[in-house]
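Have a look at the structure below before the remarks.
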Protein chains: 2
Amino acid sequence: MSRRRVTLADVAQASGVSSTTASLVLSGRGAELRISEGVQQRVRETSEALGYRPNIVSIGLRKGSSRTLGFVSDTVATSQLAGDMIKGALAAAREHGFMLFIGETEGDTKVERKLLDAMLDRQVDGIILASMFTRRRRLPSGLDHVPAVLLNALPQGSHVTIPTVVPDEHAAGREAARLLLDHGHRTIHLIGAGPGPDDVTPGTVAGRERLAGILEVLHEAGLEPASAHVCADWLPSYGFDAARDIIAAGGAAGAGGAAGGAGTAIISFNDRLAFGAYQALHEAGLTVPDDMSIVSFDDHPLADWLRPGLTTFAIPHHDLGRRAVELLLEGIAAPAGAADQAPAAVHRLPMPLRERDSVRTVRATADGVGTAAGVPAG
Amino acid sequence: MSRRRVTLADVAQASGVSSTTASLVLSGRGAELRISEGVQQRVRETSEALGYRPNIVSIGLRKGSSRTLGFVSDTVATSQLAGDMIKGALAAAREHGFMLFIGETEGDTKVERKLLDAMLDRQVDGIILASMFTRRRRLPSGLDHVPAVLLNALPQGSHVTIPTVVPDEHAAGREAARLLLDHGHRTIHLIGAGPGPDDVTPGTVAGRERLAGILEVLHEAGLEPASAHVCADWLPSYGFDAARDIIAAGGAAGAGGAAGGAGTAIISFNDRLAFGAYQALHEAGLTVPDDMSIVSFDDHPLADWLRPGLTTFAIPHHDLGRRAVELLLEGIAAPAGAADQAPAAVHRLPMPLRERDSVRTVRATADGVGTAAGVPAG
DNA sequence: ACGGGGTGCTAAATCGGGTTAGCACTGCTA
DNA sequence: TAGCAGTGCTAACCCGATTTAGCACCCCGT
C-alpha cells in the first residue's frame with residue numbers, strides 16, 4: 001500500500017494545464033480541438049513520467065460502460081473439458097481490451113440470479129451464459145437490458161432473439177460414421193445411444209444430434225447399427241459394461257485374432273465411455289484397432305494418453321469461447337435496438353477430427369458392402 | 001436494450017425526499033442520523049417497488065473499492081487440475097460478496113503485466129497470483145499498492161512479505177511412504193524423481209518436497225528406494241517407460257504371480273505417470289495391486305477411472321483457492337500498513353489421501369524389515 | 001419575545017474522469 | 001477602431017453514489 005494513484009488532475013497540474021486539456025490530449029482529441037503541439041507534447045510527457053493510467057471505473061461511470069463482460073456458467077471447473085472454453089473467451093476478451101468476470105452457478109438458479117445481479121451491478125457490458133454440456137435452458141430475466149450470448153446452450157423457447165454458439169454435433173456424427181465407412185467398416189456398434197433416434201440419455205442435446213448424424217449416414221449406406229447401448233451416464237464404467245456386452249455377443253471381429261474382411265468398429269459417444277471400452281477390450285485380450293476400431297467424441301486429454309491414441313472429434317472449446325465473446329462484442333458495438341432486429345443466429349462450430357490410432361482400414365469385402373449387421377468375421 | 005436502470009435519485013424523487021436521505025436510509029444509517037420511521041419506511045418501500053439496486057461502480061469511485069478481486073494465473077485452463085482452484089476461489093469470493101476477474105498469462109510476463117494493469121485500472125481490491133504447478137516466482141511490480149496473495153507459488157526472494165498458499169507436499173511425501181510401509185511394503189520404486197534428494201525434474205517444487213518427505217520416512221525405516229526414475233516430464237509415456245524398466249529389472253514382486261512376502265510397490269510422483277505405469281504393468285501381464293502396489297499424488301479425475309482405482313494424495317485445489325481468497329480478504333480488511341508488519345506466512349494445506357484399490361497389504365517378513373532394497377520376491 | 005436545544009432533513013462537496021459551451025486573445029479587414 | 005474570424009484553452013456540468021456540514025423548524029423555559 002502506499003501513495004495514491006496518479007490521476008488526470010495530477011497530470012494536468014504538473015503540466016500546468018486544465019484537466020480538460022489533459023483529458024483532450026490523452027484521449028487523442030487534442031488536434032481536433034486545437035490544442036497546440038507544444039502543450040500536447042508536454043502533457044504526454046508528464047503523463048508518461050508520472051505513470052498515469054486512467055481510472056476505468058470513473059470512465060465507466062461517465063460512459064455507462066465498463067469494458068467488462070460477465071461469464072456465467074453452470075459448472076466450468078467440474079468438467080475437465082471446460083477450461084478451454086473460458087480460455088478462448090479470455091483470450092478474445094483480452095484482445096479487445098475487455099476483462100471477464102467469471103461466475104459459477106453449479107446449476108442453482110438462485111446462485112445464477114445473484115451472480116447476474118452482481119455482474120449487472122458492476123455495469124458489465126454484456127453477459128455470456130455458458131453451459132458445460134450442450135443443453136436447452138430457459139433465459140433468466142434481466143438480460144433484456146444487456147447484450148447476451150448463449151454458449152454451448154440453446155434457448156428454451158423458439159422465438160428468443162439471442163445469439164447462440166454450439167458445436168456442430170450433427171455434422172460430427174455424420175463424419176464419424178463416414179470415417180468408419182471410408183475405412184471399410186460395415187459392422188458398427190454404438191456405445192452411448194441408439195439404435196433409434198430417440199434412444200438417448202435424457203437431456204443431452206449432443207447425444208441426440210450426434211446420433212442423428214450417425215444414423216443418417218448409416219442409413220444412406222443401407223446400414224443399421226450392429227448394436228447400440230444407451231448409457232445412464234457417459235462415464236468409463238458404463239463404456240466398460242457396454243463393450244463387454246458387445247464382446248460377449250461375439251461382436252468383436254475374430255475375437256482374439258486380427259481378422260480381415262468386413263471390419264468391426266465402435267462409435268463411442270464420448271471419450272470417457274471409450275476409455276471404459278478400451279479397458280473391457282484389453283481385459284478380453286482384444287486389441288485396438290486390430291480387433292476393434294473405435295472412434296469417439298470430445299477429444300478429452302485422455303484420448304491422447306490412451307494406447308493406442310483414440311481417434312476422436314474434438315469439441316472446439318477454445319473456438320466456442322472465443323466466438324461467444326466476439327458475438328457479444330458485436331452485439332455491444334451494434335446500436336441499441338439493432339439487436340432486436342438482427343437474426344439471433346445459432347452458430348454451429350465444426351468439430352475437428354483428431355486422427356490417432358484407434359481406427360484401422362479394412363479390406364472391403366464384396367458381401368460386406370451393403371450388408372447390415374452381424375457379419376461374423378471369425 | 002431498454003429503459004435506464006433505477007438510480008438512487010429516482011428512488012429519492014419517488015419518495016419525495018432528497019437523495020441524501022434515501023442514501024442514508026438504504027445504507028442503514030437512517031436511525032443514526034435521525035430520519036423518521038415514516039420516511040424510512042416510505043423510502044424502503046419505493047426502493048423495493050422500483051427494484052432499485054445500487055450501482056457498485058459509483059460506490060467504487062467514491063469509496064475507492066470495487067468489491068472485486070483479480071485472479072491471475074499462468075495456465076488455469078490447460079491443466080485439468082486447475083479448475084477446482086478457481087472454483088474454490090469463486091465460491092469464497094461469492095460468499096463475501098466479491099466478484100473475480102480471471103486472467104491467464106500463459107507464462108508470458110508481458111501478458112501478465114497487461115492483465116495486472118487492466119485489473120488495477122478497474123480498481124480491484126486485491127490480487128491473487130496463481131500458478132498451476134507449485135513453483136518459485138518473482139513478484140511483478142505494482143503489487144505494493146494493493147493487497148496480494150500467492151497461490152500455489154512461492155516468492156523468489158526470502159524477505160518478501162506476501163502471504164502464500166501451497167499444498168503440503170512434504171507431509172504428503174511422508175504419508176505416501178508411511179502408507180506403503182504400514183502395508184508391509186519394503187521394496188519401493190520411485191517414478192518421477194530420486195534416488196538422491198536433488199534428483200528432481202528442474203523447477204518443480206512439488207517433486208523436490210514430495211521426494212524429501214518420502215526419503216525421510218524411508219531413511220527412518222532404514223530403507224533406500226529400490227530404484228528411482230527421474231522423468232523429463234510427468235506424462236503417461238514417461239511413467240510407462242519407467243515402469244517397463246522396473247519390470248525388466250525384475251522389480252515386480254514375483255513377476256507373473258501374486259507372491260506374498262516383502263511387498264513391492266511404486267510411488268509415482270503424479271497420477272499421469274501412474275497411468276503410464278498401469279499400462280506398462282498391464283502389457284507385462286502384471287496386476288495392480290497383487291503384483292505391484294502403486295500410490296501417487298494429485299488425485300487427477302483419471303485416478304478414479306483407472307481399474308483398480310488409484311490410491312493417491314489429492315492436491316486440495318478447492319481449498320487452496322478458497323484459502324487464498326480468504327487470506328486476501330483479511331489483507332484487504334486489515335488497516336493499510338498493517339500488512340507490512342504481519343508475518344507473511346506460508347500456509348501449507350494438507351493433501352488428503354484418496355484411498356482406492358491400488359495398494360494391498362502384504363505380510364511383513366522378518367528379514368524384510370530393515371532390509372534396504374532388492375529383496376527378490378520371485 | 002428571545003435564546004437554547006433537539007429533531008428531521010438537505011445542499012453541496014467529493015470520487016476521476018468526459019463533454020459542452022464559451023471565454024480571452026490575436027490579427028486582419030473595413 | 002469596431003467587427004469578425006480564428007486560435008488555444010478552460011469553467012462548469014455530468015455520471016451515481018457517499019458524506020459532511022448545517023439549515024429550518026418546533027418546543028420549552030424565562
Side-chain angles (χ1 to χ4, degrees), chain A residues 3-44 46-47 50-68 120-125 145, chain B residues 3-44 46-47 50-68 120-125 145:
Chain A
R3 76 189 172 293
R4 208 171 41 84
R5 262 176 86 107
V6 177
T7 70
L8 181 65
D10 297 333
V11 175
Q13 195 180 356
S15 316
V17 299
S18 72
S19 56
T20 304
T21 304
S23 169
L24 257 22
V25 171
L26 295 177
S27 62
R29 309 214 304 138
E32 178 190 338
L33 275 154
R34 308 184 309 253
I35 307 295
S36 68
E37 194 42 58
V39 168
Q40 295 219 36
Q41 182 118 6
R42 191 145 40 90
V43 169
R44 274 194 278 265
T46 44
S47 164
L50 265 46
Y52 169 69
R53 309 208 93 236
N55 182 334
I56 298 201
V57 171
S58 169
I59 297 178
L61 179 58
R62 184 70 228 270
K63 302 224 211 171
S65 86
S66 55
R67 300 193 74 72
T68 295
L120 261 15
D121 289 351
R122 286 170 177 79
Q123 305 286 97
V124 292
D125 296 331
H145 305 329
Chain B
R3 76 186 176 292
R4 209 172 41 83
R5 261 176 85 106
V6 177
T7 70
L8 182 63
D10 296 333
V11 175
Q13 195 180 358
S15 316
V17 299
S18 73
S19 57
T20 305
T21 304
S23 170
L24 257 23
V25 171
L26 295 178
S27 62
R29 310 212 303 135
E32 179 190 338
L33 275 154
R34 307 183 311 250
I35 307 294
S36 68
E37 194 42 56
V39 169
Q40 294 218 38
Q41 182 117 7
R42 189 145 41 90
V43 169
R44 273 194 279 265
T46 43
S47 163
L50 266 47
Y52 169 69
R53 307 209 92 235
N55 181 333
I56 296 202
V57 171
S58 170
I59 297 178
L61 178 58
R62 185 70 227 272
K63 301 223 213 173
S65 86
S66 54
R67 299 192 75 73
T68 294
L120 261 15
D121 290 350
R122 285 170 176 77
Q123 305 286 94
V124 292
D125 296 333
H145 305 330

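Here is how names work: the chains are called A, B, and so on, in the same order as the sequence lines, proteins then strands, and each is numbered from 1.
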Quickly work out the [X] [atom1] to [N] [atom2] distance and round it to whole Å.
X: A:L8; N: D:dT10; atom1: CG; atom2: P; result: 12 Å
X: A:R29; N: C:dT19; atom1: CZ; atom2: P; result: 6 Å
X: A:D121; N: D:dA17; atom1: CG; atom2: P; result: 10 Å
X: B:I35; N: D:dT19; atom1: CD1; atom2: C1'; result: 13 Å
X: A:R53; N: C:dG17; atom1: CZ; atom2: P; result: 12 Å
X: A:L33; N: C:dT19; atom1: CG; atom2: C1'; result: 10 Å
X: B:E32; N: C:dC9; atom1: CD; atom2: P; result: 15 Å
X: B:L26; N: D:dT19; atom1: CG; atom2: C1'; result: 15 Å

Between B:L24 and A:T7, the residue closer to the 5' end of DNA chain C by nearest nucleotide is B:L24
Should [X] be listed as having a side-chain N or O under 4.0 Å from OP1 or OP2 of [N]?
X: B:T21; N: C:dT10; value: yes
X: A:T20; N: D:dT10; value: no
X: B:Y52; N: D:dG16; value: no
X: A:S36; N: D:dG8; value: no
X: A:S58; N: C:dG17; value: no

If you compare all heavy atoms of [X] against all heavy atoms of [Y], which two are closest, and at what distance to 0.1 Å?
X: B:A22; Y: B:V43; value: CA-CG1, 4.0 Å
X: A:T46; Y: A:S15; value: OG1-OG, 2.6 Å
X: A:Y52; Y: A:V6; value: CD1-O, 3.4 Å
X: A:R5; Y: B:Q123; value: CD-OE1, 3.8 Å

- Task: Give B:V57 one of three labels, base, sugar-phosphate or nothing, depending on what nucleic acid heavy atoms sit under 4.0 Å from its own.
- Result: nothing
request  = Answer with base, sugar-phosphate or nothing: what part of the nucleic acid does A:I59 contact at a heavy-atom distance below 4.0 Å?
outcome  = sugar-phosphate
So CD1 of A:I56 and CZ of A:R67: to nearest 0.5 Å the spacing works out to 7.0 Å
A:K63 has its side chain closest, among C:dC9, D:dG16, C:dT19, to C:dT19
Closest of C:dG8, C:dG18, D:dT10 to the A:R62 side chain is C:dG18
